[in-house]
Every structure is written in C-alpha cells, then in structure tokens.
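Every number for a ligand or one of its atoms is a count from 1 in the order of the listing. When a residue number appears, it is its place in the shown sequence, counting from 1.
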Amino acid sequence: MADSFLIRGGARLTGKVEISGSKNSALPILAACLLAEGKTTLKSVPRLSDIDSMVKLLGEMGCHVFRHEPTEARVGALPPLNGNLDIEVTDERVSEARYDIVKTMRASICVLGPLLAKRKRAVVSIPGGCAIGDRPVDLHVRGLQKLGAEFTTEGGNIVGTVRGRLKGCRMYLGGAMGPTVLGTINVMCAAALAEGETVLVGAACEPEVTDCANLLNKMGAKITGHGTPEIRIEGVDKLVGAEHRIIPDRIECGTFMMAAAITNGELELKHCNLDHLIAVQDRLDEVGVKIRRENGTIFVSSSRRLNPIEMTTQPFPGFPTDLQAQLMALLCLADGMSVITERIFPDRFLHVGELNRMGAKIRKEGPTAIVHGVKELQGAAVMCSDLRASAALVLAGLAAKGQTRLDRVYHIDRGYEKIEQKLMAVGADIERVAER
Ligand code: EPZ
C-alpha cells in the first residue's frame with residue numbers, strides 16, 4: 001500500500017540535520033563497480049528505493065552486494081541512516097538490464113558503458129517516458145559508438161557489442177541541451193578500460209562526475225580534467241576494487257536550506273559541501289536567506305521576508321534543475337514577482353498545478369514560470385508526481401496554514417532518506433500514514 005504524508009504547517013524548524021550521501025553519485029558509482037576485479041567498499045550510501053533498485057539490478061548481473069548496518073547519519077535519537085556497502089563481481093555471464101527494473105529507475109542506463117567495456121556485450125531496456133519530460137539516451141549511445149561499440153535495437157532494448165577492445169578517441173559529447181551527466185559518466189567508465197587515450201570535450205562538470213572519476217582513479221584508472229568540460233582518460237588493462245566515500249547529497253542539502261527559509265527557521269546542516277551549492281547560495285542570498293559555513297556544516301536562517309528573484313537552471317556550476325521546484329515553493333511566499341526558467345528539462349513543471357491548489361499564484365509560459373508571491377499558502381490534498389516536485393510540496397506544506405495531505409510519497413522515498421524523520425527531529429509536524 002502506498003504511503004501519504006500528513007503535514008500540519010506553521011512550525012518553525014530549528015536544530016541539526018545530517019545530510020546523507022548523494023543518490024545521484026551513488027547510483028552511477030554502483031554501476032561503475034561492474035568494471036572492477038575484487039571487492040569495492042562504498043561509504044555513505046543512502047538508504048533509498050532507487051539504491052535498492054540498482055543493487056537488485058547488479059545482483060542480477062552477478063554482483064555480490066553486502067549492506068553493513070547503518071552507522072552514520074543520525075536523526076535525533078533514532079537509529080542511524082546511511083552506511084557502507086561492499087560490492088564484488090562474482091559472475092560475468094548475465095549482461096542484461098530488464099525493463100522491469102529500468103522502467104522504475106532510469107539510472108539503470110549507467111550499466112551500459114561498464115558492461116560494454118568489461119563484458120563486451122550489453123542489453124539494456126530503453127528507458128521510456130518520464131514525468132519531468134523527454135529523456136533520450138542518444139548521447140550515451142553516440143559516445144560509446146565513437147569508442148567502437150556497435151548497437152542495434154531489438155524489442156525495446158539497446159543491444160550493444162564490442163569486437164576486441166574499445167578504442168580511445170577525441171570526441172564531443174554535448175547535445176542540444178548542453179552536457180549530459182550520466183552520459184559523461186557512462187562514456188568515461190567505458191573509456192577507462194579502452195585502448196589508448198580518450199578525450200571527452202563538452203563533458204558534464206557536475207560533482208557527481210568528479211566523484212565517479214575519483215573512485216575510478218582509486219581503482220587504477222588514469223583520468224584527469226574531471227570537474228572541467230574536457231576529461232582525459234588514458235585507458236588501462238584492468239581496474240581493481242577500492243574504498244570510497246560518496247559525496248554529500250547537494251540536492252538534499254539544498255532542499256533543507258529551503259526548508260529553513262520557508263519556515264522562518266534556523267537549521268544546522270551537517271556533512272555537506274557548500275562549494276557544490278555555490279549558485280544556490282547566490283540565489284538564496286538574494287532572496288534574503290542567511291547562510292554561513294563552518295567546515296562541513298552549513299548554518300541557514302531566515303526572517304521570512306523573502307525577496308523575489310529571477311533564476312534559470314543550468315548545468316553545474318549553475319543552479320541545478322533538481323532544486324528548481326523547491327525554490328519555486330519558497331518564492332511562492334516572496335514579496336513580489338519571481339521568474340524561473342528551466343533550461344535543462346523545459347517541461348519539468350508538474351508541481352505548478354499542485355502548488356496553485358495550495359493558494360500559490362504561478363503562471364507557466366513555455367519553459368518559464370512566473371511566480372506572484374502570496375501572503376500565505378493553504379494546506380490541501382496534493383499529489384506527488386516526481387521526486388523533486390514532491391519535495392517542493394513538502395516544503396509548501398510545512399509553511400502552509402492548516403493540513404496538507406501528500407499522496408504517493410513513494411516518489412520521495414526514491415531520493416530522500418527518511419525525510420519525515422529528519423524533518424520531525426527539527427520540529428516539523430509531519431507523519432507518514434497509509435494512503436486512503
Ligand atoms: C542526471 O540525469 C540526474 N540523475 C538528474 O536527477 C538531473 O536532473 C540531471 O542529471 C541534470 O542535472 C541522476 O544522476 C541519476 P542529463 P541525466 O543527461 O544524467 C538531454 C533527480 O531528480 N540529454 O544531464 O539523465 C536531457 O534530455 C534526477 O535526482 C539528451 O538530449 O540528465 C536533458 O535535457 C532527475 N540526450 C539534458 O540533456 C542524452 O543522451 C541533461 O540531461 C542525454 C541527455
């Protein structure tokens with residue numbers, strides 16, 4: 001049975017929140033483990049349903065995965081979350097990612113590059129439609145083709161094969177919408193075991209790409225330039241298991257920054273990296289939110305007089321599309337008109353209708369949303385449509401007058417580790433109930 005959240009808005013959030021390891025780093029990194037011989041130990045792996053799906057997929061591909069008892073992120077007096085995970089390839093016979101798993105998690109496409117490089121064959125179901133818009137994988141396929149892989153499509157699957165060994169080359173990897181995060185990681189993983197040098201021009205610069213490159217280098221890869229648009233990879237003959245800590249989840253961190261701001265609260269966010277959120281800090285500064293950092297902790301407070309702003313989502317280091325919906329929830333309560341433009345996924349606006357049900361005044365014009373600030377939001381029954389849109393509705397519910405009922409919270413469970421426990425521990429009135 002699906003769960004819902006009941007949120008009674010109005011509580012001011014105060015206290016400490018431990019940020020978990022990054023979902024979007026952990027997913028491709030788990031897939032990259034297909035490349036290595038021997039055991040890899042990953043630390044700070046969040047407990048999320050998407051991680052469970054990736055673990056299931058890797059299990060079907062002959063990986064032995066062992067989850068240690070959680071030891072890290074704490075929520076008040078509750079048991080710790082996060083934790084270590086060991087992964088080792090023990091059988092390389094199966095190279096197929098089934099539709100049943102791919103349809104629940106698009107990041108399954110991350111196995112394509114590692115499988116082709118290591119097993120010379122990959123069958124990956126083509127990811128279908130998605131609530132945040134069209135999400136093609138043409139750039140992944142083109143990049144791997146340039147390394148020498150051959151592709152056909154059969155029965156809804158991408159079937160890739162490699163004769164001999166992949167061969168490094170210089171290639172442009174960008175597309176009409178700019179760089180691709182998972183596409184860069186897929187091709188970088190494959191190039192790590194290719195013959196000769198690969199240069200990826202127009203590569204994604206996101207911290208998740210850098211995190212994966214750092215793990216691959218610990219495994220014996222020779223990668224430089226990660227974190228810039230030009231990544232150089234000198235292919236090696238083999239990679240061996242290593243130990244690696246996943247970076248903090250910058251999107252979870254940004255979501256809690258906005259939770260502090262929208263509730264007029266004061267939060268201390270532990271285990272995070274503000275350098276990964278520089279554009280978010282810039283926009284929140286202009287909104288009037290106070291942000292201070294001390295080592296790995298971020299202090300966020302707000303007096304809830306929010307200035308309206310303009311914001312456009314961009315590839316890193318720009319403002320991330322994965323925080324667009326949450327910022328929109330915040331700007332619903334600003335003193336004036338804000339303009340939000342979505343440049344990565346121009347149709348990623350399913351939260352607009354639901355926020356308007358809560359009393360917001362948002363008008364969508366193409367890839368832009370015009371947000372007229374209102375004095376207050378009102379609790380209502382609303383529906384989760386995708387992960388980040390749902391997070392925006394949680395934020396709106398925390399600030400709204402009265403009760404919000406949020407259905408289909410399985411969308412949130414894909415990417416926020418026990419969000420209701422973390423919120424409760426800092427004073428939110430939120431409870432998980434069975435859906436009616
Ligand atoms: C990653 O998706 C993230 N997912 C997304 O987070 C995030 O929104 C996105 O990067 C952008 O930052 C994971 O890391 C698991 P892209 P990814 O390829 O890599 C177009 C969340 O909420 N494109 O960088 O799949 C594409 O349509 C999720 O946690 C092509 O045209 O995104 C988009 O317009 C949702 N062809 C742009 O590039 C391709 O082959 C950037 O997408 C690939 C992408």
Side-chain angles (χ1 to χ4, degrees), residues 20-32 46 48-51 53-54 57 102 104-113 124 126-146 151 158 171-189 202-212 229 246-247 249-255 276-277 279-280 313-326 342-348 350-351 367 384-392 411-417:
S20 298
S22 160
K23 163 184 88 87
N24 287 350
S25 221
L27 289 172
I29 276 182
L30 279 165
L48 300 168
S49 58
D50 268 12
I51 299 288
S53 302
M54 184 59 90
L57 183 62
V102 178
T104 62
M105 188 195 50
R106 304 178 63 85
S108 308
I109 191 72
C110 295
V111 300
L112 188 62
V124 179
I126 300 170
C130 175
I132 68 175
D134 280 347
R135 294 183 66 189
V137 291
D138 56 313
L139 298 172
H140 302 235
V141 169
R142 256 180 53 201
L144 294 166
Q145 264 170 342
K146 287 185 179 152
F151 290 95
I158 303 170
M171 69 172 88
Y172 179 67
L173 201 57
M177 307 304 287
T180 162
V181 179
L182 296 182
T184 299
I185 294 178
N186 236 334
V187 180
M188 179 174 76
C189 282
C205 303
E206 269 67 5
E208 294 76 19
V209 177
T210 304
D211 202 26
C212 186
I246 305 289
I247 55 170
D249 195 311
R250 63 190 170 110
I251 306 303
E252 186 194 21
C253 183
T255 304
H276 294 168
L277 286 159
V280 177
T313 63
Q314 282 169 337
F316 188 82
F319 193 99
T321 170
D322 290 347
L323 283 170
Q324 177 256 109
Q326 300 89 318
E342 176 54 69
R343 284 261 161 79
I344 311 293
F345 296 112
D347 296 325
R348 194 176 199 177
L350 285 178
H351 41 288
C384 296
S385 54
D386 68 83
L387 173 58
R388 309 303 173 184
S390 318
H411 285 289
I412 299 190
D413 294 333
R414 296 184 58 174
Y416 288 92
E417 193 175 31

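Remark: ligand 1 atoms within the under-4.0 Å shell around heavy atoms of Lys23 are 21 (C), 29 (O). Less than 4.0 angstrom separates some heavy atom of Ile344 from each of these atoms of ligand 1: 33 (C), 34 (O), 41 (C). Proximity to Leu182 (heavy-atom distance under 4.0 Å) selects the following atoms of ligand 1: 13 (C), 14 (O), 15 (C), 17 (P), 19 (O), 25 (O). Below 4.0 Å from some heavy atom of Met177 lie the following atoms of ligand 1, by number and element: 34 (O), 37 (C), 38 (O). Near Pro179, with a cut-off below 4.0 Å to any heavy atom, the atoms of ligand 1 are 24 (O), 41 (C). Close contacts between ligand 1 and Ile132 involve ligand atoms 35 (C) [criterion: under 4.0 Å to a heavy atom]. Heavy-atom proximity to Thr321, at under 4.0 Å, picks out these atoms of ligand 1: 8 (O), 11 (C), 12 (O).
Contact annotation: the side chain of Arg135 never approaches that of Pro127 to less than 4.5 Å [non-hydrogen atoms, C-beta and beyond]. Side-chain atoms of Ser22 and Arg250, non-hydrogen and from C-beta on, never get closer than 4.5 Å to each other. At least one side-chain heavy atom of Lys23 sits less than 4.5 Å from a side-chain heavy atom of Leu387.
Nearest non-hydrogen protein atom to atom 32 (O) of ligand 1 is Phe345 CZ, 3.9 Å. Among protein heavy atoms, the minimum distance from atom 40 (O) of ligand 1 is reached at Leu139 N, 2.7 Å. The protein non-hydrogen atom at the shortest distance from atom 22 (O) of ligand 1 is Arg388 NE, 2.9 Å. Closest to atom 1 (C) of ligand 1, if we only count protein heavy atoms, is Val181 CB, 4.2 Å. Remark: minimum distance from atom 15 (C) of ligand 1 to any protein heavy atom is reached at Asn24 OD1, 3.3 Å. Nearest non-hydrogen protein atom to atom 2 (O) of ligand 1 is Arg135 NH2, 3.2 Å. At the shortest separation from atom 8 (O) of ligand 1 among protein heavy atoms lies Asp322 OD1, 2.6 Å. With hydrogens left out, the protein atom closest to atom 43 (C) of ligand 1 is Pro136 O, 3.2 Å, a heavy atom.
In this structure, CD in Gln314 is found 7.5 Å from CD1 in Ile344, a value given to the nearest 0.5 Å. Taking OG1 of Thr255 as the start and CD1 of Ile412 as the end, the distance is 10.0 Å to the nearest 0.5 Å.
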message = Could you walk me through whether Arg348 and Thr321 satisfy the side chain to side chain donor-acceptor pair (under 3.5 Å) test, starting with their C-alpha distance in whole Å, then the side-chain angles of each, then the deciding distance to 0.1 Å, before giving a yes or no?
response = CA-CA 9 Å; Arg348 194 176 199 177; Thr321 170; 2.7 Å; yes
inquiry  = Go through it in stages, so that I can follow the logic: the residues are His411 and Asp386, the test is side chain to side chain donor-acceptor pair (under 3.5 Å), and I'd like the CA-CA distance, side-chain angles, deciding distance and then a yes or no.
reply    = CA-CA 6 Å; His411 285 289; Asp386 68 83; over 6 Å; no
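Under a 4.0 angstrom heavy-atom cut-off, Pro315 registers as lying outside contact with ligand 1. At least one heavy atom of Arg348 sits less than 4.0 Å from an atom of ligand 1. Using a non-hydrogen distance threshold of 4.0 Å, His140 registers as a contact of ligand 1. Taking a 4.0 Å cut-off on heavy atoms, Arg106 fails to register as neighbouring ligand 1.
Checking Thr313 against Gln324 by side-chain atom types alone, no donor-acceptor pair falls below 3.5 Å. A side-chain donor from one of Glu417 and Ser20 sits under 3.5 Å from a side-chain acceptor of the other. For the residue pair Tyr416 and Arg388, a side-chain donor N or O sits within less than 3.5 Å of a side-chain acceptor on the partner.
Panel note: side chain Asp347, backbone Ile132; no donor-acceptor pair is recorded below 3.5 Å. With hydrogens and angles disregarded, a donor-acceptor distance shorter than 3.5 Å links the side chain of Arg414 to the backbone of Thr104.
The shortest N or O to N or O distance between Ala107 and ligand 1 is not under 3.5 Å.
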